[in-house]
2 protein chains.
Amino acid sequence: MTPNPKSGRKTIQVVIAEDQGMVLGALAALLEMEGDISVVARALDGREALDAVLANKPDVFITDIEMPKMTGLEVAAELKRLRTGTRVVIVTTFARSGYLRRALEAGASGYLLKDRPAEELADAVRRVHKGLRVIDPELATEAWGELDPLTDRERQVLRLAGDGKASGDIAGELGLSEGTVRNYLSEAISKLGAGNRVEAARIARTKGWL
Amino acid sequence: MTPNPKSGRKTIQVVIAEDQGMVLGALAALLEMEGDISVVARALDGREALDAVLANKPDVFITDIEMPKMTGLEVAAELKRLRTGTRVVIVTTFARSGYLRRALEAGASGYLLKDRPAEELADAVRRVHKGLRVIDPELATEAWGELDPLTDRERQVLRLAGDGKASGDIAGELGLSEGTVRNYLSEAISKLGAGNRVEAARIARTKGWL
DNA sequence: CTTTACAAATGACATTTGTCATCCGGGAGT
DNA sequence: ACTCCCGGATGACAAATGTCATTTGTAAAG
């Protein structure tokens, strides 16, 4: 609990969230090697992460997107709403423009891919701590690529359809009529230029619209 | 290039392969913290990995499964064929019994999940280096769980169907008649206890049968 | 030379999907 | 009050999908 009594005391405090324990530990190890950064807490899911950030008030919060309980984007949005001073850096596998947009809307200061060399993480933490924005170059360019044409309903319906559920089941799950579900699906299919529900779901997923 | 002039000189030499640069670096950092382990090379894809192992003859080779060029399983199989003395540890996201089976057939000595706590990695390396086998507990139990009931045809057809292709397209792509495709699909669906092609594909995928 | 076995195809049928035009019941405007 | 719009629901119809029983080659086993 006592703050790392290292050089000068002015280390950057960070909290990390990542659902794969091994990766979480490894990233933490990576950051701990840097003299000017201390990992004050780790979390294996979104809810835990949110609590950890609120409890520790770190300078920077590093988080994955796809996690149990709450996604990294949801946590970021919540932190923005609560006006904590903590800066958020998203670290994810997915180069999806939809994710980046949502991340920025949720007030994230950084968005970088797990593809990048490891050194960039510590760099990003420092830059973001200074108040700068760090966006992965690959995304930065085409970032503002076409925006999500789907309505909320279409999204929900498409999500379930993509898992192989039948129209009737989906209807039951969402409290709609089967016909209505088919209508939404039909709309989504045409908006995405797909040939059927499955392809539509696939397309939406790769764009990060889910 | 000079071997780490640490305590005693008898460190375990390892090569790591993982396609996500950030994770690769982090895992390396994690292992480097252990006094008795040295990371002598890193690789970002399968081919690179194979070369690195052949060039360095490490004690242990740690690898992800899903990588560009060559999968970790393929590299493992090749190393077995070449009778190098290097022990292989698979580290992956997927708890699929199909993968585990293939890993063991390819002569891997370890199979662990990225879900597990980070400490287990170094442990696994040490155990494997001693000649022991390390299988993730979650998989170890049901490991020999039900073997793939699908025929090759069913697999092919299911793969395409899972991407949203229609029966007709699949037929064209495989040089079969549409009716036949539907028959295979129907068979696969019943074998897997699914309700339709999409669910069947999903189930097969999670079992590692693809 | 049979028998058996299996991959592939056919045909027929019920069900599910995808499409479209239309209808209903509230708001929100003006 | 009276439109106009929008989420949702209906109904109808064509197309795609899932199921089965049956048939045809063909290759291995006897």
Side-chain angles (χ1 to χ4, degrees), chain A residues 74 77 98 101-102 105 146-210, chain B residues 98 101-102 105 146-210:
Chain A
E74 288 168 340
R101 178 183 354 274
R102 279 198 268 161
E105 280 167 7
E146 40 177 355
L147 32 118
D148 187 347
L150 301 174
T151 69
D152 286 339
R153 279 307 197 189
E154 287 161 2
R155 223 187 316 285
Q156 300 177 48
V157 164
L158 208 45
R159 231 191 303 263
L160 299 181
D163 288 346
K165 308 215 174 153
S167 309
D169 300 343
I170 300 177
E173 208 154 327
L174 299 180
L176 295 179
S177 92
E178 175 174 338
T180 304
V181 168
R182 299 223 302 274
N183 286 337
Y184 284 131
L185 246 8
S186 184
E187 250 314 287
I189 291 170
S190 93
K191 279 183 181 175
L192 299 176
N196 58 52
R197 50 178 75 193
V198 186
E199 198 185 343
R202 207 170 46 69
I203 294 177
R205 249 189 276 268
T206 65
K207 301 267 195 179
W209 301 331
L210 217 153
Chain B
R101 181 185 349 276
R102 279 197 267 161
E105 280 166 8
E146 35 173 1
L147 31 119
D148 188 346
L150 301 175
T151 69
D152 286 340
R153 280 306 198 190
E154 285 160 4
R155 223 187 315 285
Q156 299 176 49
V157 163
L158 208 46
R159 231 190 302 263
L160 299 182
D163 288 345
K165 309 216 174 148
S167 308
D169 298 343
I170 300 177
E173 207 153 329
L174 298 181
L176 296 178
S177 93
E178 175 174 337
T180 304
V181 169
R182 300 223 301 275
N183 286 337
Y184 284 131
L185 245 9
S186 185
E187 250 312 289
I189 291 171
S190 93
K191 279 182 181 175
L192 299 175
N196 58 52
R197 49 179 76 194
V198 186
E199 198 186 344
R202 206 170 47 67
I203 293 176
R205 249 188 275 268
T206 65
K207 301 268 194 178
W209 300 332
L210 215 151

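What's counted below: heavy atoms across the whole structure, side chains too, no hydrogens, waters or symmetry copies. Please read these numbers as outputs of a predicted model, since none were measured by experiment. Each chain gets a letter, A, B and so on, in the order its sequence line appears, and its residues count up from 1.
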In whole Å, I'd like the distance from the [atom1] atom of [X] to the [atom2] atom of [N].
| X | N | atom1 | atom2 | answer |
| --- | --- | --- | --- | --- |
| B:E154 | D:dT19 | CD | P | 13 Å |
| A:E199 | C:dT17 | CD | P | 17 Å |
| A:N196 | D:dT17 | CG | P | 7 Å |
| A:Y184 | C:dT17 | OH | P | 18 Å |
| B:I189 | D:dA16 | CD1 | P | 17 Å |
| A:L192 | C:dT19 | CG | P | 12 Å |
| B:D169 | D:dA15 | CG | C1' | 14 Å |
| A:E187 | C:dT19 | CD | P | 9 Å |

So does [X] get a side-chain nitrogen or oxygen closer than 4.0 Å to the phosphate oxygens (OP1/OP2) of [N]?
| X | N | value |
| --- | --- | --- |
| B:R182 | D:dT19 | no |
| A:R153 | D:dG8 | yes |
| A:S167 | C:dT16 | no |
| A:S177 | D:dG8 | no |
| B:T180 | C:dA9 | yes |

Using only atom types and a distance under 3.5 Å, with no angle test, would you say the side chain of A:R102 pairs donor to acceptor with the backbone of A:G208? yes
Are B:E173 and B:K165 close enough for a salt bridge, meaning some N to O gap below 4.0 Å? yes
Charged N to carboxylate O under 4.0 angstrom, B:K191 versus B:E154? yes
List the atom of A:N196, the atom of B:G164, and the distance in Å for their closest heavy-atom pair. ND2-O, 2.6 Å
Where is the tightest heavy-atom contact between B:A200 and B:L158, given as atom of each residue plus distance? CB-CD1, 4.0 Å
For B:N183 and for A:G168, find the nucleotide of DNA chain C with the closest heavy atom, then tell me which residue's nucleotide is more 5'. B:N183
When B:G175 and A:R197 are each assigned the nearest nucleotide of DNA chain C, the 5'-most assignment goes to B:G175
